[in-house]
Amino acid sequence: MPRYNPAVIEPKWQAYWAEHRTFAAPRMPVHEKLYVLDMFPYPSGDGLHVGHPEGYTATDIICRMQRMRGRSVMHPMGWDAFGLPAEQHAKKTGTPPRVTTEKNVATFRRQLQMLGFSYDWDREVATTDPDYFRWTQWIFLQLFDTWFDPDQKRGRPIAELPIPPEVATAGDDAVRRYQDEFRLAYQSEAPVNWCPALGTVLANEEVIGGVSERGGHPVVRLPLRQWMLRITAYADRLENDLDSVDWSESIKALQRNWIGRSTGAEVDFYIGSPAAAGTGKPSGAEFKAWRNVRPVSGFPRHAGDDVIRIYTTRPDTLFGATYMVLAPEHPFVERLTQPAHAAAVKAYVEQAARKSDLDRTDLAKEKTGVFTGSYAANPVNSRPVPIWIADYVLASYGTGAIMAVPAHDTRDFEFAQQFGLEIKPVVDPGDDPAVDREAVLAGSAVFTGEGTAINSGEYDGLSTAEFKRKIAAELTSRGAGRQAVNYKLRDWLFSRQHFWGEPFPILHELDADGKPTGLTRTIAASQLPVNLPELAVFDSHGSPDPPLERAPADWLYPVIDGKRYKRETNTMPQWAGSCWYYLRFLDPKNDQVLVDPAVEKAWMPVDIYIGGAEHAVLHLLYARFWHKVLFDRGHVSTAEPFQKLVNQGMILGEMELTGYQKADGQWIGSSQVTADEDGQAVHKSTREALQSVRVNPAQAQKQGESFVLAAQPEVRLESRAYKMSKSRGNVVNPDAVVREYGADALRLYEMFMGPLEATKPWSMEGVNGVRGFLDRVWRMITQERSEQPELNPAVKDVPPTDEQNRVLHKTIQGVTGDLDRMAFNTAISKMMEFTNFFLKCDVRPKSAVESLVLLLSPLAPHVAEELWQMLGHEKSLAYEPWPKFDPAAVREDAVEIPVQIKGKLRGRIVVPLDATSEAIEQAARAEPRIAELLAGETIVKVVVVKGRMVNFVTK
RNA sequence: GGCCGGAUGGCGAAAUUGGCAGACGCACGGGACUUAAAAUCCCGUGGAGGGAAACCUCCGUGCGGGUUCGAUCCCCGCUCCGGCCACCA
């Protein structure tokens, strides 16, 4: 009886909120707006994970509290429902992915509703709904219709793209082909990461160390026609605008890292005209002539075919460039290869092409490469440098070619040592004790820091920074180089070979023979959505062709205005739907526009966005990119979508014992058991071993990193928490927790575990602990012994005592402040203190316990509503005013402050709150114990901090 | 290798501005109630030492230095752990 029954009251209030549409957000904000967004989940077949409710509870607390403070709150939820698992399930079982997805969505919806989140369910969207992806396709059309103007640094309609006269006169098709090269959405025949096991092409970001991020399957590189999005055009703005948002510095750093802007210089190395190729070495006279004919001002957009253009962040080391390296895919490779080296080069290039990224990175311990037989002229000193080919240079970064400065670059140093190439130091490290200067100057050690120029002709003696400035100016004036910026960020590979994804609103033109002309046309916005075709079979066919190639002919070959076209059969990646869902929530049923501009302007930006750190880079970068394009095209009013971003930490499984060591030193545990493929054998054998010695880690003494049992000193223990995983068997199911402890207890526990952003282990005993607190709150207000819960007779309609009032208002102040800074764990501890105090009171003023119920309601809304009703209120407390803090109530007349002597605590005194420094010092000296300790001592200094402490400094 | 974060009792943690380290909770120990158990309530709980007791002393926030009357907090140098990226020129 003393425990309340969540199985009764939680469904009751969930039904009440649904019936009264308690949390419906207004179309336009009525009061100050607050848009609080969760990262919407992918509804997997496993159901909700306890990691989901962590962030969702945090946002829910904020929303419920701010409604009570009068804000107009937008708090929606939806489903990121396209995804590979449903597709793979379809291949295995023949179940259409839409069926699987709807089933999973229903599970997720039930689980979220069971937790009592105050979402406006009328705004629910799923990325798989045609009414939703209609607008995803529409945004793609915007991207397709936009080019990036580098002068204005913004996206503009393709119709405004200046067309060169020679193109304009070549006819409409020539103009269209020209425009296609500038669109933000463009097609490219590029080597892509084809994953045979998944039957799809993957983005660079989805390939980790040569295998697929999902599933860990091998990935090979194949050339394929793909859709790309020109995100690189926005790299600068994506980086700069990070300054304007309220995100943690660490997430900003992650994004900056990913964008990877570096500044340096592009420099041209002369290789002779193609006609002169064959000699392998440009002559000095030829080079000098080249130097003289280069334009004095300006730098050609594209390198000529008589130079190799390289990118470097260290143009100050140009004099130390003793060789060059081209990526195996560099277009000049064949031309520069001298006959004597042709066989070796051919073999190397072919081998590199076959290599997966895994091989290229993992086997990086030893550098590989081949010499072409050709040389280029170093533009600063005309010295010939040998040209090598090596796969440690990437075709996709910079210019695909480098100057190698082995004395000052680790990779070049390794390569030079491998192949016995010259190492010429040109930077003197100075007398940094961490650097072996002699070795650097002798060319036997690498130094990558900054220093003073040597062996660099007229530049000798310059600092690295000065040198960079001067050489950039010199190269620019000679037309042999210029300052340049580079990004690690690559254009976004936007197409997938899936049948469970958004179709592209694109048609390919066919010629009279039914062959593609290479030209495309778009589906008119008014004709959207392009729906997915019904597929007869979902099997994998083992080729990189999209499965939609097997769609029925009437879908695949539509006829428009009497002309036959072929549909684009790639689909969009899962990222597409999540790039803009926060906009659709604002106006989810609008069939005229993506979002009503007035509504968008009133609610955007998202004020608080909470989600897992796994999306700190890609999802956020992609969404920001789309948002900026929509902003440039006038469809949204803010430059950035998410004002404040918080990443919740990971929840690990329960702490586990990982092993033990017997007195004879034999270690039993994970380090000695060979893991089977999923690690389960390790876990199981360890647990069994520990059970056999009946070990309880709480009764163990810590000794260094391990524990020793008092009762069994021969046993040493170690324990730690692991990520939850099916194979480890430590996954916590929210359904089970709710069944046993209730949704309020689950919510409260997840908030009480520790700071939102920290990684922390689960503890079922901890859930039981917060449930105990809710029971205590329940008993504080309700009668314990009756069958039908009724108000506790101790709750009386009387004014609180001064002390009760002080406790109450300290709680209001503390809880309000803590919730405002998302310190949920300490807010809960303050309510626990309140409850501990009032449970001891024989008389509990109704006004005080009512305030606590209101403070508790954002965190544990069901039990709070029930208590609120029991306290005699008819309506939900969802819009009750938030308790007001009265500073006068907490003011105490006197404070106890510590007295220190030489910084050590030696006593305490009670002084009036407003006591002067002099009065405090007198009171401290008057304290008998202090007076005794100070007798005979010479006081050098007295430090008094009013209301805080006193410190006597003696000799 | 690079970037970011962290290290406080047996455990999760707190200390909001440099000012009484360990709030709150778990676990554990003792007691009350009970035939008993569960539940509940009360007391104790960083370590070492002293005292009949109220209490007192010393040590203590990963390690080594520094600044300061005073450092969990600021600075310098390390160690270990976690996350992300990784041949990006």
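Note that the coordinates shown come from a computational prediction; the quantities given were computed from them, not determined experimentally. The figures that follow rest on heavy atoms only: side chains count, while hydrogens, waters and symmetry mates do not. Lettering of chains follows the sequences in order, A, B, ..., and the numbering in each one begins at 1.
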Closest to side chain of K904(A), choosing from C85(B), C26(B), C59(B): C59(B)

Proximal nucleotide (of C3(B), A13(B), A89(B)) relative to the K760(A) side chain: A13(B)

Candidates A89(B), A13(B), C42(B) - which lies nearest the side chain of K840(A): C42(B)

Under-3.5 Å donor-acceptor pair between K488(A) side chain and C85(B) base: no

Summary of protein contacts for nucleotides 68-74 of chain B, nucleotide by nucleotide, where a base hit scores B, a sugar-phosphate-only hit scores S (4.0 Å, heavy atoms): -B-----

Any R256(A) side-chain N or O less than 4.0 Å from OP1/OP2 of C4(B): no

N/O (side chain, N825(A)) to phosphate O (OP1/OP2, C24(B)) under 4.0 Å: no

Consecutive-pair stems (at least three Watson-Crick or G-U pairs, under 3.5 Å) that include RNA chain B: B:1-7 with B:79-85, B:10-12 with B:24-26, B:28-32 with B:40-44, B:46-50 with B:55-59, B:62-66 with B:74-78

Side chain of T826(A) (C-beta onward), nearest among C87(B), A14(B), C24(B): A14(B)

Position toward the 5' end of RNA chain B (nearest nucleotide), I251(A) or G814(A): I251(A)

Side chain to side chain donor-acceptor pair (under 3.5 Å) partners for R925(A), two or more places apart: E921(A)

Out of C24(B), U16(B), A13(B), whichever nucleotide has its closest atom nearest the side chain of E833(A): C24(B)

N647(A) side chain near G5(B) phosphate (N/O to OP1/OP2, under 4.0 Å): no

Touch class at under 4.0 angstrom, heavy-atom based, for S763(A) against every strand present: nothing

Reported CD-to-CH2 distance for the pair Q783(A) and W778(A), which is rounded to 0.5 angstrom: 12.5 Å

Upstream residue (5' side of RNA chain B) when K723(A) and M403(A) are each assigned their closest nucleotide: K723(A)

